[in-house]
Asks: 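Quick one: structure below, then a few questions.
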Amino acid sequence: MIRYLIKNNLKIMYRSPVNILLYVLCPIVISAVLIGAFSAMMESYEGAKEFTVGYRTEQNSAFEQSVGAIVEAGKQNGITFAEYQSGEPEELIKEHKLGAFVEFGSETYTIYDTQDTKTESGTLQYMLTAMVNASVSGDYSKVQFKTETPFFVPAVNSTDYYGIIYIVYFGWCALVCAAGLFSNERKHRIDERLLVSNLSVPQQYLARFIPLVAVVSGGIGIASVVGGLIMGVHWGNIALSAAIVLLSVMAATAMEMMIYELTHSMLASIIISFGIVWVLGYIGGSFETYMFSTHPEWLKQLDPIYHENRALVELSTMGHSDYVASAILLLSGLLTVFSLLNLAVGSIRRKAQ
Amino acid sequence: MNENNDIILRTVDLTKKYDNRAVVDSLNIEIKKGEIFGLLGPNGAGKSTTMNMICNIVKPDFGTIEFMGEDFRKNRKKLSRHLGYIPQHLAIHGSLKAWENVELFTSLYGIKGDELAKRIDESLAYVGLSERRNDYAKKFSGGMKRRLNIACAIGHHPDLLIFDEPTVGIDPQSRNFILEKIKESNKNGATVIYTSHYMEEVEAICTRIAIMDNGRIIAIGTSEELKKLVVDDTEKITLEEVFLTLTGKKLRDQ
Ligand SMILES: Nc1ncnc2c1ncn2[C@@H]1O[C@H](COP(=O)(O)OP(=O)(O)OP(=O)(O)O)[C@@H](O)[C@H]1O
Ligand SMILES: [Mg+2]
């Protein structure tokens, strides 16, 4: 009957003013500061959405054979090609709201753009370069525009980005919420009473895990609602995003409780946990955005925070994300592994006491 | 397993070593149903370690513990609810109210709902804290914390109550109150093991006393019997003098 134990552990945690401060105020304040600091920088990348490019091919152009492949590659990367046999490129751009216009000449191609469509023309330039490189080998199937490149990232403004990323980051620092409870249990040797009552290892784990997850997700839940209202953060798919964040809080809680179970020192556990979370956040886009970071792709792919950040940001901007599945998979994996390790370490400790 | 139904707890060759030193050394004690058993001993004698082994907090290196006729270590699940343990330290949550502390620890024994609410009221009334049930434990005085410490261990109506120095650092009124309560529990049917340094306390409430030193029981009996070990005329000696004679006057725990 651990219901009452969970209830009282919950009371102990939410009665700590430090927790309220940390979980409700900090994410709002930090994301507000970062949103302000990065808004100018991130705006310059706005507008790189799907767009249409006008084109025209001269007779006997060296590109004649490739145009079909270029149009096809464009389609797959959100660029629609529309052919215009006549008309001034600059005027066509204005008239048809094109992102750019390209003329395939006999040996060269020319890209036209306007002041407002620099991002789109840059994107087109990038794509055509890739196509021309591919044409040397004659294998266009290898032309893949990775969404990691800045041009193809759906536009996200700093409000949404940092508004989301800091909720995630604080969710990963779950252990702080338990500091009071766990230290008190040790200091006053309350765990001895639990042993006398013969509380099992899984019961003891759940009696700490459940309230900790509840307090942390409750705290950042309030922070996201309040922060969302004040700053206007968009989450896209709220239910799915909430589920991913909850899962990451559970994974982080399991991981950090395991570290505490090993060290039995709150200070050491917090230092180790926050070190790990800082590194994961550093690689995963918690400080500089993952779109523009220089970390190698394979390293990012190993980082659960990267998958989570990316899934949530893309849900916000596009409404869907290929990273939802991998984020859920990775986080559930961590939750399972660390929960089992907790139980294993707990049982070994019991046997050796 | 146990041929004698009068024995509620028996240790057989119970041993615990720390750093190769036997802190509890092949201890054999039998606690009879219905008695208040006093365990006396200087600091570091091994009293708490013995209690901790009985209570599942410390694992013995050797020996068995029979509780209610069964091997306690093999039947914890079934037998734990018959044992109540009041630790030497204050094992309570300061940021929980008095009643919440009692709720938390009483619920560990599977008591819930209305029955739990009843037991909380009863336990708090028992230690005289009904009026203060809604106060946070951290605001309590030392004596009140001691009483709450007791209330947290009795709600499940254990058959054997183990008190490890429950009267440390409190005023004579509170001490008296606690001693009276221990006698009351005993009258209501609970067997009690009581450890203390205070000879008068032990002499006043215990029906049988064991003196422990260096992990071993060096004398056991009623206070009269213990005094007789030292002098013939028991009027002329206090239990404290018996204790000092048997355990020596050298300082312990050094
Ligand atoms: N976890 C431990 N590791 C090493 N030594 C220990 C440990 N626990 C107890 N001891 C040692 O075992 C001895 C007995 O300790 P114990 O607490 O059982 O004594 P005690 O009779 O309860 O003393 P006191 O009257 O001071 O409470 C002491 O010398 C103590 O230092
Ligand atoms: Mg002791």
Side-chain angles (χ1 to χ4, degrees), chain A residues 1-22 176-208 210-212 215 264 266 345-353, chain B residues 16 48 51-60 72-73 75-97 99-113 115-117 119-120 136-138 145 149 152-153 155-156 158 160 162 164:
Chain A
M1 194 37 63
I2 57 170
R3 163 158 62 109
Y4 296 96
L5 188 53
I6 292 172
K7 185 179 89 179
N8 283 298
N9 283 347
L10 198 59
K11 283 182 182 175
I12 293 167
M13 283 190 247
Y14 84 67
R15 275 174 192 165
S16 153
V18 180
N19 290 346
I20 306 297
L21 194 76
L22 256 162
V176 186
C177 256
L181 173 68
F182 289 6
S183 307
N184 213 50
E185 278 187 350
R186 282 205 83 64
K187 187 168 144 214
H188 298 289
R189 288 154 61 184
I190 281 161
D191 32 358
E192 289 184 1
R193 277 211 147 117
L194 307 181
L195 286 172
V196 178
S197 75
N198 201 39
L199 193 72
S200 70
V201 172
Q203 281 176 321
Q204 188 164 0
Y205 175 63
L206 288 177
R208 291 165 163 181
I210 293 172
L212 185 48
V215 170
H264 269 193
M266 198 26 101
V345 176
S347 307
I348 291 167
R349 266 195 195 278
R350 280 270 173 107
K351 293 217 174 77
Q353 80 205 192
Chain B
K16 180 72 195 177
S48 293
M51 298 306 123
N52 286 345
M53 284 192 283
I54 294 169
C55 292
N56 192 32
I57 296 165
V58 167
K59 200 180 148 201
F72 195 13
R73 296 187 55 217
N75 296 286
R76 287 272 175 209
K77 209 173 177 150
K78 181 171 134 203
L79 297 175
S80 287
R81 64 189 181 84
H82 298 289
L83 176 71
Y85 167 64
I86 295 92
Q88 186 170 350
H89 50 275
L90 296 166
I92 50 180
H93 278 295
S95 52
L96 287 181
K97 295 169 181 170
W99 75 269
E100 292 167 338
N101 269 295
V102 179
E103 180 190 63
L104 192 162
F105 296 114
T106 306
S107 73
L108 295 175
Y109 296 91
I111 300 160
K112 58 190 180 211
E115 184 60 23
L116 181 58
R119 301 284 182 103
I120 295 167
Y136 288 103
K138 64 183 162 209
K145 283 181 185 160
N149 203 34
C152 289
H156 58 293
L160 175 65
I162 295 182
D164 196 353

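So that the names make sense, note that chain A is the first sequence line, chain B the second, and so on, each numbered from 1.
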Asks: Would you give the length of the straight line joining atom CG of L5(A) to atom OG of S107(B), rounded to the nearest 0.5 angstrom?
Replies: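 Taking CG in L5(A) and OG in S107(B), the distance rounds to 6.0 Å.
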Asks: Under 4.5 Å from any heavy atom of chain B, what part of I12(A) do you find: side chain, backbone, both or neither?
Replies: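 Both backbone and side chain.
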Asks: Can you tell which of I162(B), I57(B), N56(B) makes a side chain to side chain contact (heavy atoms under 4.5 Å, CB included) with V196(A)?
Replies: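 Output: one option passes, namely I57(B).
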Asks: Looking at R350(A), K187(A), H188(A), which has the largest count of heavy-atom pairs under 4.5 Å with chain B?
Replies: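 Of the candidates given, the most pairs with chain B belong to H188(A).
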Asks: Can you tell me which portion of Y85(B) sits under 4.5 Å from chain A's heavy atoms? Options are side chain, backbone, both or neither.
Replies: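 Backbone plus side chain of Y85(B), per the 4.5 Å heavy-atom cut-off to chain A.
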Asks: Where the side chain of R76(B) meets the backbone of N198(A), is there a donor-acceptor pair that is under 3.5 Å apart?
Replies: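 No; judged by distance alone, with no hydrogens or angles, the pair does not exist.
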Asks: Is there a donor-acceptor pair closer than 3.5 Å between any side-chain N or O of R189(A) and the backbone N or O of H89(B)?
Replies: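 Flag not set: sc R189(A) to bb H89(B) has no pair under 3.5 Å.
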Asks: Which bit of K97(B) is near chain A, if near means a heavy-atom gap under 4.5 Å: side chain, backbone, both or neither?
Replies: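 For K97(B), backbone and side chain are both near chain A.
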Asks: Is there side-chain contact between P87(B) and R193(A), with heavy atoms separated by less than 4.5 Å?
Replies: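 Side-chain contact under 4.5 Å: yes.
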Asks: Return the minimal non-hydrogen interatomic distance between L194(A) and L108(B), and the atom names on each side.
Replies: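 Of all heavy-atom pairs spanning L194(A) and L108(B), the closest is CD2-CD1, 3.5 Å.
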Asks: Heavy-atom distance under 4.5 Å to chain A: side chain of L90(B), backbone, both or neither?
Replies: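 Contact with chain A: backbone only.
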Asks: To the nearest 0.5 Å, what is the distance between OH on Y136(B) and CZ on R15(A)?
Replies: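 Atom-to-atom, Y136(B):OH and R15(A):CZ are 3.5 Å apart.
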Asks: Got a second to check how far I190(A)'s CD1 is from I92(B)'s CD1, nearest 0.5 Å?
Replies: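 Spacing of CD1 (I190(A)) from CD1 (I92(B)) equals 8.0 Å.
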Asks: Under a 4.5 Å cutoff for heavy-atom pairs, which residue among H93(B), K112(B), H156(B) has the most contacts with chain A?
Replies: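 Highest number of heavy-atom pairs under 4.5 Å: H93(B).
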Asks: Mind listing the closest non-hydrogen atom pair of Y4(A) and G113(B) along with its distance?
Replies: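 Reported closest heavy-atom pair: OH-N, 2.8 Å.
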Asks: Can you name the nearest heavy-atom pair linking N8(A) to L104(B), along with the distance?
Replies: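 Residues N8(A) and L104(B), closest heavy atoms: CB-CD1, 3.6 Å.
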